[in-house]
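This report concerns only the one structure given below.
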Amino acid sequence: MTIFQRILNIPLSSSIFYRFNSNSTIFALSSGLGKCGVAVVRVSGTNANYAITQMTNLKNLPEPRKAVLQNIKHPLTKEIIDKGLVLWFPGPRSFSGEDSCEFHVHGGIAVVEGILNALNSLPNFKLADPGEFTKRAFLNGKLDLTEVEGLADLLQAETEAQRKQAFLQSTGSLSKSYKKWKDLLKQSLANIEADIDFAETETLDYGLLEKVEQNIKNLCKELENHLNDGCKGELLRNGVKTVILGEPNAGKSSLLNLLCHRPASIVTPISGTTRDVIEVTLNIGGYPLVLADTAGLNINSQDVIEIEGMNRARDLYRKADLIILVVNIQSYSSVQERYVSFNDYLKNYISDLGLSDMNFRKNCIIILNKIDLDTRNLSANICDKNVVKLSCKSEEGIIDLIDILTKHLKVLCGEPTQEHPSMNQLRHRQELEKCYHNLQRFLKESERKESPDTVIMAEYIRKALRNLGKLIGEVTSEEILDIIFKDFCIGK
Ligand SMILES: Nc1nc2c(ncn2[C@@H]2O[C@H](COP(=O)(O)OP(=O)(O)OP(=O)(O)O)[C@@H](O)[C@H]2O)c(=O)[nH]1
Ligand SMILES: [Mg+2]
């Protein structure tokens, strides 16, 4: 039993370290399937060396991590399948921590099939499950669970900012904070346990418990800051949900099509064309945007289909992280004399759409569309940095729109750095919230007027430690692992 397990009070049976005992050697195509220049087949496990000695003419294993060019043959028929590079990675200095090797061959389908068949004929070799190389790396202590999740996100990342966040996480930026907090809690627990065991017989450092209390208070502050980050990391990971709203015919669908460079949404001069929600995922300035076109809001409509479309639009509005409100300059022009300013018109417009109760100025971009039809040059008098003057027809103003969108996305998603990584998964948030509550209970007990019970205090720290242990995967269950590794592809 390790010291860590003793401190956390983990029964042996629930420790993943004791359950991992794999004898099989796994293999898989790690590069993409299909015709390509080079394909990489990866092998990991106790017998990985066999793959080299049985499938090449090498008498001895090559120098570790140095590529050697070899004829690669089937171990039984001895037929040469291809000529390619062979690399040897003896454990534990390999990705999985086990003995591993790689074959870099021509990326033809038959070549890859030939190599996989050859490996399959070796004793105790089996095709890897999705994520099995990474799972072995985790079980061998090469990566912790947050790093594994970062790696999964790195494979899924579609934008530059997502890649940055995932890369930082996969290289331990999040776990560094969590491990620092864990060390502090371990130290605190040791101090409290010392107080419990020796307080009556020996003189302990005066004020030790007060010091622990102060440390826990500071940690709670750090946790609060980490938890109250406006879900920046989650927004970056999942995409910023953005809804386009406005009156019928304002040009909402034209805007969506302009931003995604394809006719995803139907555009016609008929008012009320869009009914269903049309959603596209975009990369704007390196940030992920999940953009939804909606039915035009017309509170006077009696049409049941249009009414259902508007309900869907309002529903999205309530859940959106960012709102794009489209105003048709022709509509403004026709009533402009009635208003003292464009802002005044806007207030009325929002109220007419049935959205008056919402705070529009927060995370909202206003688009004054169809400026190519601005014959009275009304837009010249509108100087609000949150109002973008646009023509979906001539594309005038599109650069300003992309600019302002990127600014909003930057604020919403933040810019994760090595020093300030963002938490980006519900699993982390839930575990950290539990940790925070356990520490609050600790503080409540320690602040009790009558003598606080140090045994209870120690128990709360133990629980908080267990929460952090779960977060980085030192304590985990097959169920959690299955959920995390299911996102991986075969060969990773
Ligand atoms: N001249 C001009 N016409 C535009 C512009 N943007 C959109 N239109 C036209 O306005 C009409 C309505 O455009 P849509 O994009 O379908 O408008 P919508 O807001 O989606 O309308 P609904 O789906 O009915 O709510 C179409 O005929 C478009 O070609 C623009 O910037 N300039
Ligand atoms: Mg439309």
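All of these numbers come straight from a predicted model, not from anything done at the bench. All heavy atoms count here, side chains included; hydrogens, waters and symmetry mates do not. We count ligands from 1, going down the list as the structure has it; atoms in each ligand are counted the same way.
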**Message:** Heavy-atom contact check, 4.0 Å cutoff: does G246 meet ligand 1?
**Reply:**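 G246: no contact with ligand 1 (<4.0 Å).
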
**Prompt:** Would you call L256 a ligand 1 contact, heavy-atom distance under 4.0 Å?
**Reply:**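 Outside the 4.0 Å threshold, so no.
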
**Ion pair E396/K389, N-O distance below 4.0 Å** =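 Salt bridge: no.
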
**Prompt:** Does the separation of the ring centres of F95 and F133 fall below 6.0 angstrom?
**Reply:**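 Aromatic pair excluded; centres sit 6.0 Å or further apart.
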
**Item:** Aromatic ring pairing Y345/Y332, orientation class (parallel under 30°, perpendicular over 60°, tilted between)
**Value:**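 If you compare the ring of Y345 with that of Y332, the planes turn out tilted.
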
Between [X] and ligand 1, is there a nitrogen or oxygen pair with a distance under 3.5 Å?
| X | result |
| --- | --- |
| D293 | no |
| A250 | yes |
| I371 | no |
| G251 | yes |

**Item:** Atoms of ligand 1 close to K393 [distance to a heavy atom under 4.0 angstrom, numbered from 1]
**Value:**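 Within the 4.0 Å cut-off of K393, ligand 1 contributes 1 (N), 2 (C), 30 (C), 31 (O), 32 (N).
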
**Residue T268 vicinity, atoms of ligand 1 by number, heavy atom under 4.0 Å** =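 Those qualifying, in numeric order: 11 (C), 12 (C), 16 (O), 26 (C), 27 (O).
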
Without hydrogens or angle criteria, can the side chains of [X] and [Y] be said to hold a donor-acceptor pair below 3.5 Å?
| X | Y | answer |
| --- | --- | --- |
| H226 | E224 | no |
| N424 | S422 | no |
| N467 | E431 | yes |

Please work out, at 4.0 Å between heavy atoms, whether the side chain, the backbone, both, or neither of [X] comes within that distance of ligand 1.
| X | answer |
| --- | --- |
| V326 | neither |
| S271 | backbone |
| N369 | side chain |

**Message:** Given T274, V267, T273, T294, identify the one with the heavy atom nearest to atom 29 (O) of ligand 1.
**Reply:**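 Going through T274, V267, T273, T294 one by one, V267 has the nearest heavy atom to atom 29 (O) of ligand 1.
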
Give the residue, atom name and distance (to 0.1 Å) of the protein heavy atom nearest [atom].
| atom | value |
| --- | --- |
| atom 2 (C) of ligand 1 | D372 OD2, 3.6 Å |
| atom 7 (C) of ligand 1 | S254 OG, 3.2 Å |
| atom 8 (N) of ligand 1 | K370 CE, 3.7 Å |

**Item:** Pairs where residues 410-420 contributes a residue and the test side chain to side chain donor-acceptor pair (under 3.5 Å) is met, not counting sequence neighbours
**Value:**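 Residue pairs with at least one partner in residues 410-420: there are none.
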
**Prompt:** What protein N/O/S atoms are found closer than 2.8 Å to the Mg ion (ligand 2)?
**Reply:**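 N, O, S partners closer than 2.8 Å: S253 OG, T274 OG1.
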
